[in-house]
Amino acid sequence: MEGMISVDEWKEGSQLYFLTHLHSDHMKGLSSNWNKGPLVCSPITAKLFPYKFTDFDLSLLRVLEIGPTYSFSLLSPFSQLETEVQVTLIDADHCPGSVMYLFRGDKFKCRLYTGDFRWEATSERALLAKTKLLNALGNDTIDYLYMDNTYCNPLYSFPPREVIAQQVIDIIASHPEHDVIIAVNTLGKEDLLLRISRALNIKIWVRPERLQTMRLLGFGDIFTTNRSLTRVRAVPMYSFGIKTLEELNVLSTLEDYKALLIRPTIGILPSGLPWLMRGSNENDYSCGSDKSNIAAVPGAQVHKCKQVEGSSSFTKIGRYIYSLPYSDHSCFDELQEFIKLVQPLSLKGIVLSEHCNVDPCHYLGHLCKPDQVTEQPRKKLPRKDKPVVGCSKSFKRKKYMKFCKVRRSRVSLLRRLRCGAKITESVTAGCSISDS
DNA sequence: GCGATCAGCT
DNA sequence: CACAGCTGATCGC
């Protein structure tokens, strides 16, 4: 597709550019002074777009609906002759506005670029996406599948988001006297917040920028920037950590801070990432009973805990953080199901990190449709990637230590204050900005 | 002084 | 060695 189209890449020289979703790792290189050509995106992405890039020339956006097939005329870079490309958008269910792109055309063969996606067998949305994808494909075979390989390893196994969301709700409900902070990024995990709000009949505090986003998405009424209206706050990852939670819980015991409404607080870390650190040995950083290895990890205690109901489990990081595998990326089983469904002739990962991600062909190549002419040899794992299968203990420990490391910088504390993790500053900020 | 890029952090 | 993303330092214009 060189010289014709590019997806989530913004180098000079393409005739059409495609954006899968509004996360910064897929927008690296996009800026307000964009002038390289038309940029295709979904309606929701287009709605949020001007708030990410304030001076962007919106006449360059090409907004396509999910479902229908569109046709574009391009110039073949070699023959200089006109050639058509058909494009269909499929819901990727990764974050608001996220889509996959299905390309077809003489010069293109049939290519599916998933972007980041979650493929939950039980979800209404995935079923709908599945129908639309199969409809769009018809009898065509996918020649090239470019797939989200974030969790492309059998080790990465986690339940649907709905299940984890209920576990989060249970944790919050079992701490009725606590404030709760939930780590979220600028876009994504809205469904978790909505479920919490609905189940517990409570508003969710967010930063003003995030409130703006939620309003655009139509969820404005359940979010607030007024601290006094709720005990549940969604805060950015970077203002969330063991140290912050420790501070909040120490301050909540001091008389002086009671006036500032600082209460005992728990943290919820809804992320696939801490799960990665466990590697093949489930017990590396957990302690089933009292035989803990916490001494080896100064400043942090990690307990694997069975929840009251027995069916759900979570990991505790430190005394106050509950970590749960709520992921906006497909787990391994879902990737496997996806490949079985679309049966591509060839498969390529889109997560480019050379170190921690395995060539998806290693685990999933055998599910691709055998093709006599272009069959790819089963790819060997690069040497570097092998430890992923069971990240070495020392490696995981190093990672873990890094995560738990206590920050001492005053500046960063102030930053965290501003971001809602702490109340001291937000008491005034929160009230003055409070939603009208 | 500004944007792009990178290092560092959670 | 990073789901995503902020901040601050540095470099080139």
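Each chain gets a letter, A, B and so on, in the order the sequences are listed, and its residues count up from 1.
- Atom CG of D179(A) and atom CD1 of I172(A) lie 11.0 Å apart (nearest 0.5 Å).
- Distance, E190(A) CD to dA4(C) C1': 13 Å, rounded to whole Å.
- One atom, CG of L22(A), and another, P of dC3(C), lie 18 Å apart when rounded to the nearest Å.
- A cation-pi arrangement is not found for R111(A) relative to F103(A), the charged atom failing to lie both closer than 6.0 Å to the ring centre and inside a 45° cone about the ring normal.
- With distances taken from any side-chain atom of N33(A) to the nucleotides dC3(C), dA4(B), dA4(C), the minimum falls on dA4(B).
- Among residues at least two apart or in separate chains, salt bridge (charged side-chain N to carboxylate O under 4.0 Å, His left out) pairs with a member in residues 324-337 of chain A are R118(A)-E334(A), R161(A)-D328(A), K189(A)-D328(A), E337(A)-K340(A).
- For the pair W10(A) CH2 and dG3(B) C1', the interatomic distance rounds to 19 Å; values are reported in whole Å.
- Between M27(A) atom CE and dC6(C) atom P there is a gap of 9 Å when expressed in whole angstrom units.
- Backbone-only contact: H94(A) has heavy atoms under 4.0 Å from sugar-phosphate atoms and none from a base.
- Nucleotide dG3(B) holds its P atom 19 Å from the NZ atom of K28(A), rounded to whole Å.
- An OP1 or OP2 oxygen of dG5(C) is reached within less than 4.0 angstrom by a side-chain nitrogen or oxygen of T186(A).
- Rounded to whole Å, atom C1' of dC3(C) lies 8 Å from atom CG of D25(A).
- With distances taken from any side-chain atom of S31(A) to the nucleotides dG5(C), dA4(B), dC3(C), the minimum falls on dA4(B).
- For the C1' atoms, the distance linking dA4(B) with dC3(C) amounts to 24 Å, nearest Å.
- The base of dC3(C) lies close enough to the side chain of S271(A) for a donor and an acceptor atom to sit less than 3.5 Å apart.
- Put simply, H23(A) has a side-chain N or O that comes within less than 4.0 Å of OP1 or OP2 on dA4(C).
- Ring planes of F18(A) and Y101(A): perpendicular class, angle over 60° (limits at 30 and 60°).
- L187(A) places its CG atom 11 Å from the P atom of dC6(C), with the value rounded to the nearest Å.
- At whole-Å resolution of the value, CG in N185(A) and P in dT7(C) are 13 Å apart.
- Residue D328(A) is classed as having no contact, given no heavy-atom separation below 4.0 Å to the nucleic acid.
- From Y51(A), atom OH reaches atom CG of L22(A) across 13.0 Å, with rounding to the nearest 0.5 Å.
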